[in-house]
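Since the structure is predicted, the reported quantities are computational estimates derived from the model, not experimental observations. By convention in this document, chain letters (A, B, ...) are assigned in the order of the sequence lines, proteins followed by strands, and residues within each chain are numbered from 1. Scope of the values below: all heavy atoms of this structure, side chains included, with no hydrogens, waters or symmetry mates.
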Protein chains: 2
Amino acid sequence: MPKSHKKHDIFRAALKLFSRYGYKKTTVEDVAAELGMTKSNLYFYVASKRDLYEQSIRHALKQWRDSVAAAIAEKNDVVEKFKVMALTSFQYLADDEELRSILIMDPAIFTLTPAEDRFYEINQGAMLLIKDILVQGINEGRFYDIDVDHTTQFLFSVYIMFLIKTYIKSEGVSAFRMYEEGTALVLRGLCRSHS
Amino acid sequence: MPKSHKKHDIFRAALKLFSRYGYKKTTVEDVAAELGMTKSNLYFYVASKRDLYEQSIRHALKQWRDSVAAAIAEKNDVVEKFKVMALTSFQYLADDEELRSILIMDPAIFTLTPAEDRFYEINQGAMLLIKDILVQGINEGRFYDIDVDHTTQFLFSVYIMFLIKTYIKSEGVSAFRMYEEGTALVLRGLCRSHS
DNA sequence: ATTTGAATTATTGATTCATTTGTTCAAATA
DNA sequence: TATTTGAACAAATGAATCAATAATTCAAAT
């Protein structure tokens, strides 16, 4: 079995247990047992319990981002791209119960501030998805000639805020309606002409 | 001295000490001493240490809201009102160092979720300021015919988010530029015609 | 109506200790 | 060589205790 696939199994097993019992209550031995190996062998793949935890989350976050990127790639029209991005990136969490559960137990994973973001590179990748759409919209003359970087940061912050509101604190339906209304408002603020 | 003015003094003194030492490190006796009274007498005005703390914050938050309301009342044009609201409500904290300091020590004062908001009524008042502007804009035909309640919630959430980013985590200048860019974007999304 | 001193009750912080859990590593195995 | 193991060691944790500090009450005084 290739090592990368083995790591995939490890991270998925770890995520499963961490999401059920939380970081503290989950022992390295629990994870090893779930994988049918000894705990000392787990240390062949990760540096520490903390490392196992962070890498497991990293792994899940990357899958999320790639899934959104794939959905965007299917569209050509900028406005469609924007809408798909807003929707799928938001909906994704509804399906991954384990990741959602971890996020609730460890809300610091979603931070409003880049400086204390443990998953900075991954989120940078997510912001790039937004930025590319803004750039395309501006180049095609469909979006106003805005400050791309600051608007990207603005939109990403709003997005993170809604994830927190919807999934971490669970405002559910109400937050989703706000998200719809907000997305529409923002899209009007971006587009030169409205249909 | 009227009782309400006495309470004002008490809350201001308490805020001063709480902002300097934090909730735990500040004793009821410290506050009493600052006011030149005994701690048992302080209990004539408040129910508990917690009550003293919460009321002090409540007091400060009300002043803030009233200050913003006054600034808005000076303008007639909706767009001007919106701009003034966005600016003064954001700038206010820059001047009240004590409140800012408390907010940093107790970030839960600003929550993204109404359900766990200890200062719900006060924030409802703040949201009313936004709502009134939206209603005026729609009635005058200058804003799109949006869902007022959800848009109000959306804008208030975005506003709180920026307060957190700017004053609690201190992203300072960068966050302020985002706020400007965001405000402009939102205003374009609201307005029917752009100049 | 407001203030006080003294007494009571509730919290907190420091300390200890037994137990669990995280981590390392030399030797074994495939 | 890459992976796995068991045994040993080190670090973290939770429970229990206790003294000190701080919160709260209240009858009496102003």
Value in whole Å for how far the P atom of D:dA2 lies from NZ of A:Lys7
14 Å

Once you round it to whole Å, what is the distance between C1' of D:dT3 and CG of A:Asp9?
16 Å

Hydrogens and angles aside, do B:Asp30 and B:Thr27 bring a side-chain donor and acceptor to less than 3.5 Å of each other?
yes

Could B:Lys49 and B:Tyr23 be counted as a cation-pi pair, given that NZ or CZ must be under 6.0 Å from the ring centre and within 45° of the axis?
yes

Nucleotide of D:dT24, D:dT5, C:dT21 approaching A:Thr27 most closely (side-chain heavy atoms)
C:dT21

Would you indicate which nucleotide in D:dT3, C:dT23, D:dT25 comes nearest to any side-chain atom of A:Lys39?
C:dT23

From the candidates C:dT3, D:dG6, D:dT3, the one with an atom nearest any side-chain atom of A:Thr38 is D:dG6

Separation of A:Lys24 atom NZ from D:dT13 atom P, in whole Å?
7 Å

Rounded distance (Å) that lies between atom P of C:dA6 and atom CD of B:Glu29
13 Å

A:Lys6 has a side chain; which of C:dG22, C:dT3, D:dT4 sits nearest to it?
D:dT4

Lys/Arg N to Asp/Glu carboxylate O, B:Asp77 vs B:Lys83, below 4.0 Å
no

Check the distance between D:dT25's P and B:Leu42's CG and give it to me in whole angstrom.
13 Å

Given C:dT3, C:dG5, D:dT5, the nucleotide with the shortest approach to the side chain of B:Ser40:
C:dG5

How many whole angstroms separate atom CG of B:Leu35 from atom C1' of C:dT2?
14 Å

Distance, rounded to the nearest Å, where A:Asn41 contributes CG and C:dA30 contributes C1'
13 Å

Given the side-chain rings of A:Phe90 and A:Tyr167, with only the six-membered ring counted for Trp, is the space between their centroids under 6.0 Å?
yes

I want to know whether A:Phe162 and B:Phe154 have ring centres closer than 6.0 Å.
yes

Tested for side chain to side chain donor-acceptor pair (under 3.5 Å) against A:Lys131, the lone hit among A:Asp149, A:Thr152, A:Thr151 is A:Asp149

Taking atom types as modelled and ignoring hydrogens, do the side chains of A:His59 and A:Gln63 form a donor-acceptor contact shorter than 3.5 angstrom?
yes

What is the distance, rounded to the nearest whole Å, between atom NZ of A:Lys25 and atom C1' of D:dA12?
14 Å

Residues of residues 44-59 of chain B with a heavy atom under 4.0 Å from any atom of DNA chain C, listed by number, are B:Phe44, B:Tyr45

Checking base pairs now: Watson-Crick or wobble, both atom distances under 3.5 Å. What partners C:dA10?
D:dT21

